[in-house]
Amino acid sequence: MDCEGQRAEYAAWLRAAAERRFGAARAQELAQTIEDVAGWMTEVATFPVGADEPPAFYLEADP
Amino acid sequence: MSLHTLDAIDAARAIREKVLSPVDLVEALLERIERIDGRVQAWALVDREGARRAARQAADEAARGSFRGLLHGVPFGAKDIFYSAGLRTEAGSKVMAGFVPDYDATSVARFKAAGAILLGKLHTTEFATTDPAPTRNPWNLACTPGGSSSGSAAAVAARMIPLAFGTQTIGSNVRPASYCGLVGLKPTFGRISTRGVMALSYTQDHVGLMARSVEDIALGLSIAAGHDPEDPSSSRVPVPDYLAALARRRAPRVGLLREFFERANPEVADVTAQAVNRLARAGADVEEAKLPPTFRAVAAAAYVITRSETASVHAERFALNADLYRPGIRSSIEMGMLIPGDLYVRALRIRRQFRREMSPLLERYDVLLTPTTPGEAPEGMATGDARFQLPWSISGLPSITVPCGSTTSGLPLGMQLVSGAFTEAPLLSVAAWCEDILGRGSAPSL
């Protein structure tokens, strides 16, 4: 799936989830925010991360 | 010299030499607040009686030759998300109305143990996010001081306090410091304890400092830094002597991050480039540095992380009082509830990859340099653009802003210096060298 398709899929999923959780009226109010978050989710999902790259919670420089 | 214009280090020295009474200093600052804070609106709460009481005690101790520490008798302020025992701490939110903590944040406690006097609490955007504080920029009251540490920046710039704590999760300490013509430090993640500071994002919240000189920042960091067994994110890396490091200032190797100049408005790019030229003429070895590929994904990753963690921080309170939250924080929490866990973890992996890719760059140069902000402090209430701070917040790397000029309209501009994890000592040394070359920020007329 290309990035635009992925973004549209995330946006649709977020709209549906927002309607279920917060109600249709609130989901409508969140429309622009949902588009923004769908964009971030797409970037995170599609950006190449090393298969062996673990998550970073805190800095690991501590002795 | 008017007492309210004294820097922290000069005030501390004068108190130690018994040529200044903490009582007179506190009274001068309270008078200053009385005179101008109606227009600036930096303070959420001024603890007049508590500060006067502490000042009298500090004066008595000084008279006996007893000094608690490096900040004996020197007032400071803290953003209103720092717990302060017995003082209302409301985070700019109706949700926290009337909340009075029964202990001090570790950073506040360390300042008090060093003899400092908490003058009061400084306005913040709601829960340190985007819904604005009432605070105005002392350089132009029509403009924002930036946020979320709005009151901290405005109070220090307006000479109502010499030193203040702020915080930064995305861009909330360094950016307002720059908008107000100050020096502002966001240290390495884990360098200053976040215990007793209301969380926004567990893995991205940093306690920061604002002052009018690099020396005052070094002084404040010397006291606030260090391991806190009560904060799981607190580092055990030893704390060096930051004030002594300032004596080792020398012309640095500077990696110029061109991408930031290209994203800044032309006036900001031009003023910063002129300042860089002055540094180069003074001996700095300046060359362009290239950001690693993962830089492209850090903004999205940072927002996914903060939204997810903010939703977790506020889950219980939000379930009870959703309607009390203002629009910005409310939508952040709601969206954070919806972001899938696998993407949150992937964002944390992007963070680590970015940090790893930055290492060679940070080893090659003493500092990386950018304009601190893409533009000057905007008019109105919105707190400005945090893009230039975000990469160093998500990666936990230390960054500092020093004043480097102003716009034609008279608003201050800063340059941002970034270095490797736990290298605050050399970072402060470079910042002090830059301050020597560029001069210190001036004072707004109020």
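Just so we're on the same page: letters track the sequence lines, and every chain starts at 1.
With a 4.5 Å cut-off on non-hydrogen atoms, B:R356 touches chain A through its side chain but not through its backbone. Only the side chain of A:L30 comes within contact range of chain B, with at least one heavy atom under 4.5 Å from a heavy atom of that chain. Heavy atoms closer than 4.5 Å to chain A are found nowhere in B:S332, neither backbone nor side chain. Proximity to chain B (any heavy atom under 4.5 Å) is shown, for A:V44, by both the backbone and the side chain.
Interface check for chain B: of the options A:G50, A:G39, A:P48, A:A45, the most heavy-atom pairs under 4.5 Å are formed by A:A45. Interface summary for chain B: among A:F47, A:F22, A:W13, A:Y10, the most heavy-atom pairs under 4.5 angstrom belong to A:F47.
Here the shortest heavy-atom pairing between B:G166 and B:N173 reads CA-OD1, 3.2 Å.
Remark: A:Q28 CD is loosely packed, at most 12 non-hydrogen atoms of other residues, nucleotides or ligands lying under 6.0 Å away.
Evaluation of the salt bridge (Lys or Arg N to Asp or Glu O under 4.0 Å) test over residues 384-394 of chain B, restricted to residues two or more places apart or in two chains, returns B:D385-B:R387.
Of the residues listed (B:R330, B:R317, B:K94), the one engaging B:D323 in a salt bridge (charged side-chain N to carboxylate O under 4.0 Å, His left out) is B:R330, and it is the only one.
Below 30°, between 30° and 60°, or above 60°: for B:F354 and B:F295 the angle between ring planes is between 30° and 60°, a tilted geometry.
Partners of B:D228 according to the side-chain contact (heavy atoms from CB on, under 4.5 Å) rule, which considers only residues two or more places apart in sequence or in another chain, are B:T106, B:R110, B:S193, B:R195, B:E230, B:D231, B:S234. Listed by chain and residue number, nothing satisfies the side chain to side chain donor-acceptor pair (under 3.5 Å) test with B:R349 (two or more places apart in sequence, or in another chain).
Between the side chain of B:D205 and the backbone N or O of B:T167 there is no donor-acceptor pair closer than 3.5 Å. A distance-only check finds no donor-acceptor pair linking the side chain of B:Q389 to the backbone of B:S399 [under 3.5 Å].
Applying a 4.5 Å heavy-atom cutoff, the residues of residues 297-308 of chain B that approach chain A are B:A297, B:A300, B:A301, B:Y303, B:V304, B:R307.
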